[in-house]
Amino acid sequence: MNAYDVVIVGAGSVGVPLAFYCARRGLKVAVLEQEASWGRGQNRAAIGGLRATFSDPAKIAICKESLDIVSHFEESYGIDVEWRRGGYLYVAYDAEREEAFRKLLVLQKSMGLDVDWISPARVSELAPGINAKDLRGGTFSPGDGYASNLQVSSAFHRLAMEAGVDFRFGEAVASIASPHGHVESIRTNSGEYSASLFVNAAGATAADIAGLVDAEIPVHPDCHEAGVTEPVERFMEPMLVDIRSDSESGNYYFYQATTGQIVFCVTPKPQIWGLDKDATSAFLPLCLRRMLELYPRLRNLKVRRTWRGMYPMTPDGFPIVGYLREADNFLQAVGMCGQGFMIGPGLGKILAECIATGSGPSKPAGSTGYQFLFDQLTPYRKFEGMEMLK
Amino acid sequence: MNRITRHPVLTPPADRREVRFSFDGDELGGYEGEALSSSLAAAGVAAFSYHLRDGSPQGIFCANGQCSQCSVVVDGLVKKACITPLAAGMDVRSLHGLPLLPGEDGAFAGSGKRRTRTDVLVIGGGPSGLSAAMELGKRGLSVVLADDKASLGGKLVLQTHKFFGSEADCYAGTRGLDIAKKLEAELRSMPKVRILANSPVVGLYKDKVAGIYSNYDSYELVEFGGLVVASGARERSVLFPGNGLPGVYGAGAFQTLVNRDLVKPASRVLIVGSGNVGLIAAYHALQAGIEVAGIVEILDKVNGYEVHADKIRRMGVPIHLSTGIVSAEGEGRVERATIAAVDRDFRPLLDTARTYEVDTVLVAAGLSPCDELYRQARAFGFPVVAAGDAEEIAEASSAMFGGRIAALALAKVLGQKVEVDAEWIGKREVLKSRPGDRITRDPVVPGPDWQPVFSCTEEIPCNPCATACPSSSIKLRPRRCNIMDLPYYEGSGCKGCAACVAACPGLAISLVRRIDEGWAEVLLPWEFLADFEAGKRFALLDKAGAFLEEAELLGKTFHKKRKTWVLSFKVSLANAARAAGIRVQAEAATACLPEPRFGYLPDDAILCRCERISVGEIRDYIGKNDIRDLNQLKSLRVAMGACGSKTCSVLLPQLFRSMGRDPKTLSPLSQRPLSMEVPMGDLVNEGKQI
């Protein structure tokens with residue numbers, strides 16, 4: 001039996017940063033991952049956007065932390081993660097959208113977010129060539145940005161290794177021993193691991209992992225496709241988000257990566273539930289048509305690759321963070337709803353702090369000030385409504 | 001301009017229109033519609049662009065649409081020169097750093113969807129794809145055949161040499177380019193077969209649909225019942241310092257430039273690899289008037305057919321066994337290459353290094369199947385068969401059979417009642433066999449009557465001589481009882497017609513007869529320009545290329561059917577039966593510099609060409625990280641480039657093996673659409689009537 005302070009299931013967007021921050025606090029950490037290396041679940045499929053402009057206190061707090069970490073990665077650790085503070089721009093082409101954005105702005109500003117309404121002229125300045133017809137402006141948050149999911153996860157993995165984390169790749173969790181409402185050990189296909197605290201950071205398969213202690217958590221993955229182009233000289237700054245829907249799709253968004261490629265993604269309508277990672281023929285014609293309507297000059301840009309990943313969804317679009325009633329030392333950090341990449345670093349740092357200062361089911365935030373986060377994201381909330389800025 | 005205006009086999013098209021275009025401000029000329037890469041090569045341009053990462057010059061590598069090393073900016077847009085047809089007035093510029101996306105901001109002109117359906121989609125129109133499509137068409141199935149080139153035939157259209165194999169079954173003795181025309185004509189006559197030339201398949205999707213980049217300007221989704229993947233093979237790259245320099249490219253690219261587009265891109269080449277592809281490249285070079293400094297082979301024996309190798313040696317090209325390339329060097333392009341003998345672990349023995357002044361290094365170190373769409377289709381659970389090189393690397397002759405067999409297997413899966421002729425399978429097995437035994441022949445003593453002398457001593461699937469002989473006096477002597485058997489003269493009946501001499505793809509048959517006490521007449525094949533008359537003296541060589549004597553030419557006859565000259569020589573009686581070939585290139589072409597001149601920096605070899613990542617960088621990363629998954633290397637941007645890991649995925653296992661790691665224990669790189677970059681506007685058919 002291998003004994004640790006913390007055993008984390010999942011070496012993805014959440015698990016790898018969490019492992020690093022725990023190890024940096026002197027904890028002995030193991031990470032169990034069924035894939036052959038880190039970030040091979042949904043992190044590899046992320047497109048790289050990072051923002052704090054949400055509409056709730058928990059995600060705002062977590063993602064502010066993430067932004068701080070990722071934007072200072074090079075200064076802090078000497079690793080270039082291709083961060084760029086390009087901002088997020090939600091464009092409005094009709095009165096209905098403008099009104100909704102302006103209403104949300106009031107709330108966002110009240111929460112201290114750096115976000116404001118900008119004019120069509122300013123939109124065109126940030127994204128030259130964007131379709132100006134009927135453009136009413138948009139909300140722009142200049143402090144948000146983007147980084148390479150690949151470089152961020154690789155950097156955290158490297159730092160975690162240096163901090164002594166024991167990564168166990170190619171090990172799928174087979175069973176969890178929790179005889180008295182308390183996890184004693186996790187058995188994989190090739191070993192058994194004991195610890196005082198266990199964390200479920202299993203992304204798209206989180207519900208199966210929680211099921212091993214007979215807990216039901218409402219995390220259901222749905223499938224999203226994305227693509228990347230050839231790189232070109234920088235011509236646009238922000239992550240562009242168009243939240244309009246049409247008959248075949250919901251919102252779509254794209255940005256120009258630090259290295260010059262356009263990375264793009266669309267929300268299918270209706271949602272496609274499941275774990276299918278295979279590309280479909282519908283994605284490119286559908287997503288590109290909408291992108292070209294919005295941004296005609298992209299017509300000459302060559303698409304290089306497409307892929308598919310999952311959004312581990314919860315019914316209300318917010319993550320689940322907290323302890324299970326069925327197993328009192330089994331912390332859940334799951335249901336990132338497609339935002340694991342941007343939530344992971346901040347959540348990892350916050351949870352490590354909570355764990356190090358005595359986190360547990362009765363006092364999940366330990367001696368930190370993060371109790372509000374656990375209150376909001378508890379697995380035992382009602383899951384009503386829907387996140388406005390999903 | 002470096003153009004081939006006269007060629008022993010090929011005739012430059014008479015109707016080509018010469019047009020002007022500019023390259024980095026210089027006005028150049030080329031032929032309208034030819035590949036821009038060929039126009040540039042003909043104008044002597046080696047460096048097309050400069051790599052984003054370090055500004056290093058980039059030139060042609062595959063000339064086949066697979067890599068993206070020949071990218072240039074054409075009228076403001078980045079394009080691969082090898083798949084861009086030249087048009088009058090084109091403004092072509094080399095690419096430095098990242099390209100600018102043109103501000104073409106006119107309103108989106110609307111999208112169109114083209115979606116069709118077929119029973120079977122055949123990917124690739126080479127010998128196996130054409131044969132498969134034909135077989136399926138005959139069975140009444142609807143077929144779409146998509147190929148990325150303008151003319152069908154795959155690599156057949158690049159082959160100026162006569163094919164081995166059996167005349168009855170696979171057009172042996174016919175040149176590849178003529179075989180392609182025959183197959184294409186037959187297929188075009190079939191009503192249920194739709195041919196999409198110039199249209200690569202760029203994506204295979206889970207919903208049983210293929211995305212086709214139709215005519216390189218629109219996007220068609222084809223729903224299919226079954227798939228034949230006959231997408232051929234691509235050349236393996238080789239790791240040596242300087243392998244990224246312009247002037248280092250594949251033997252296939254060379255064939256494309258020389259034999260398809262009649263460009264003379266080099267004056268002297270060094271060839272790496274002695275498989276049939278490398279051997280044939282030497283032959284094509286000499287036909288085009290290009291010198292061949294030599295062929296290096298890292299193994300201790302020739303990798304291709306012995307009869308091919310001997311033929312090349314007799315033309316005056318040395319084949320250096322147990323020898324590898326150490327470096328290619330030059331300012332902006334290859335100017336010299338250094339080779340050295342290797343030890344048992346293939347490490348170079350640098351004290352044996354020799355440097356040659358060459359402007360081109362041709363890489364012919366073997367082929368790897370373009371089977372990624374096949375693997376993807378298998379993973380998706382589609383009814384799919386692979387054929388030709390995509391199934392197994394072999395000769396075109398076997399690919400034609402393989403295509404038919406694969407087609408029938410698919411037809412069966414699709415519910416047809418099918419019996420595969422057992423004879424076909426047998427023939428295919430023979431045609432794709434590796435060479436068999438080497439057999440010693442009895443020496444021939446020239447007599448007063450004509451008789452053939454065979455310089456083929458290795459069993460290979462080939463019989464055109466036996467078919468060609470009008471008096472049926474050449475027979476395969478039964479040993480294996482198939483066309484692997486060697487031909488022998490039956491002892492009488494030879495009239496000296498030289499049909500066998502002109503037919504032999506190995507140029508390995510001569511005819512001899514004694515003239516008088518001291519002299520004999522010898523007939524030898526000649527597949528080069530014959531601008532000479534009787535009386536000229538030629539160096540005659542023995543089977544393996546050793547010099548015998550200078551002999552006087554008595555006369556020349558052109559065998560039209562085979563497009564081959566037969567030259568008649570007066571040879572001393574002692575040498576007559578041993579005279580097997582005529583030296584084509586002077587010995588000076590194969591001389592090395594008096595002193596080797598090179599730097600040996602093996603870590604500088606480029607492994608990922610798109611992103612220009614060196615062996616040293618990858619080795620360093622592997623050393624510092626626990627690599628269990630090739631996808632981890634994406635942190636270095638390996639496999640993230642335009643080609644979609646077509647080149648590096650073949651080299652990475654080699655690198656891991658050299659570091660003592662079994663590549664089979666590593667998770668493979670993920671394969672995803674698109675297999676070729678396509679502009680967004682084309683993917684939605686913007687503004688097109690669909």
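Just the heavy atoms: all of them, side chains too, but no hydrogens, waters or symmetry mates, feed the values below. By convention in this document, chain letters (A, B, ...) are assigned in the order of the sequence lines, proteins followed by strands, and residues within each chain are numbered from 1.
Heavy atoms closer than 4.5 Å to chain A are found in both the backbone and the side chain of Ser635(B). Heavy atoms closer than 4.5 Å to chain A are found in both the backbone and the side chain of Met640(B). Both the backbone and the side chain of Ala642(B) come within less than 4.5 Å of a heavy atom of chain A. Only the side chain of Arg44(A) has a heavy atom closer than 4.5 Å to any heavy atom of chain B. Heavy-atom distances place the side chain of Gln261(A), and not its backbone, under 4.5 Å from chain B. Heavy atoms closer than 4.5 Å to chain A are found in both the backbone and the side chain of Leu674(B). For chain A, the nearby parts of Val78(B) are the backbone and the side chain; heavy atoms of each come within less than 4.5 Å. With a 4.5 angstrom heavy-atom cutoff, Leu221(B) touches chain A only via side-chain atoms. For Glu293(A), the parts lying under 4.5 angstrom from a heavy atom of chain B are both the backbone and the side chain. With a 4.5 Å cut-off on non-hydrogen atoms, Ser153(A) does not touch chain B at all. The contact between Glu686(B) and chain A is made entirely by side chain atoms (from C-beta outward), counting heavy-atom distances below 4.5 Å.
Taken from CD in Glu225(A) to CZ in Arg672(B), the straight-line distance is 10.5 Å, to the nearest 0.5 Å. With values rounded to the nearest 0.5 angstrom, Arg305(A) atom CZ is found 7.5 Å from Glu677(B) atom CD. Atom NZ of Lys206(B) is separated from atom SG of Cys223(A) by 9.5 Å, given to the nearest 0.5 angstrom. Taken from CG in Leu150(A) to NZ in Lys634(B), the straight-line distance is 8.0 Å, to the nearest 0.5 Å. If you take SG on Cys287(A) and CG on Leu683(B), they are separated by 11.0 Å, rounding to the nearest 0.5 Å. Rounded to the nearest 0.5 Å, atoms CG (Asp626(B)) and CZ (Phe169(A)) are 7.5 Å apart.
The residues Glu82(A) and Arg637(B) are annotated as not salt-bridged, no charged nitrogen and carboxylate oxygen being separated by less than 4.0 angstrom.
When Ser667(B), Pro673(B), Ser111(B) are compared by the number of non-hydrogen pairs under 4.5 Å with chain A, Pro673(B) comes out ahead. Note: Val678(B) leads Val678(B), Asn685(B), Val684(B) in heavy-atom pairs under 4.5 Å with chain A. Contact tally against chain B (heavy-atom pairs below 4.5 Å) for Leu284(A), Leu294(A), Thr280(A): the top residue is Thr280(A). In terms of non-hydrogen atom pairs under 4.5 Å with chain A, the most contact-rich of Gln632(B), Arg115(B), Met676(B), Lys113(B) is Gln632(B).
In this structure, Lys269(A) places its NZ atom where more than 12 heavy-atom neighbours from other residues, nucleotides or ligands lie under 6.0 Å away. For CZ of Arg93(B), the number of neighbouring non-hydrogen atoms (other residues, nucleotides, ligands) closer than 6.0 Å is 12 at most. Annotation: Arg375(B), atom CZ; neighbour count of heavy atoms from other residues, nucleotides and ligands within 6.0 Å is above 12. Heavy-atom neighbours of Arg378(B) CZ from other residues, nucleotides or ligands within 6.0 Å: at or below the threshold of 12.
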*Go through Arg40(A) and Ser670(B) one step at a time and tell me if the side-chain contact (heavy atoms from CB on, under 4.5 Å) criterion holds.*
CA-CA 10 Å; Arg40(A) 295 302 298 164; Ser670(B) 39; 3.7 Å; yes

*Mind running side-chain contact (heavy atoms from CB on, under 4.5 Å) on Leu288(A) and Tyr219(B) for me, showing each step along the way?*
CA-CA 12 Å; Leu288(A) 299 181; Tyr219(B) 190 55; over 6 Å; no

*Check step by step if side-chain contact (heavy atoms from CB on, under 4.5 Å) holds for Met680(B) and Phe264(A).*
CA-CA 12 Å; Met680(B) 290 190 184; Phe264(A) 55 95; 4.2 Å; yes

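The two atoms that bring Gly106(B) and Arg299(A) nearest to each other are O-NH2, 2.8 Å, heavy atoms only. For the pair Ser281(A) and Val209(B), the tightest heavy-atom approach, listed with the atom from each and the gap, is CB-CG1, 3.7 Å. The minimum heavy-atom distance linking Ala282(A) with Asp207(B) is given by the pair N-OD2, 4.4 Å.
The shortest side-chain heavy-atom distance between Asn300(A) and Pro679(B) does not fall under the 4.5 Å cut-off. Considering only heavy atoms from C-beta on, Thr259(A) stays 4.5 Å or farther from Leu98(B) through its side chain.
Arg297(A) places no side-chain N or O within 3.5 Å of a backbone atom of Gly103(B) that could act as its donor or acceptor partner.
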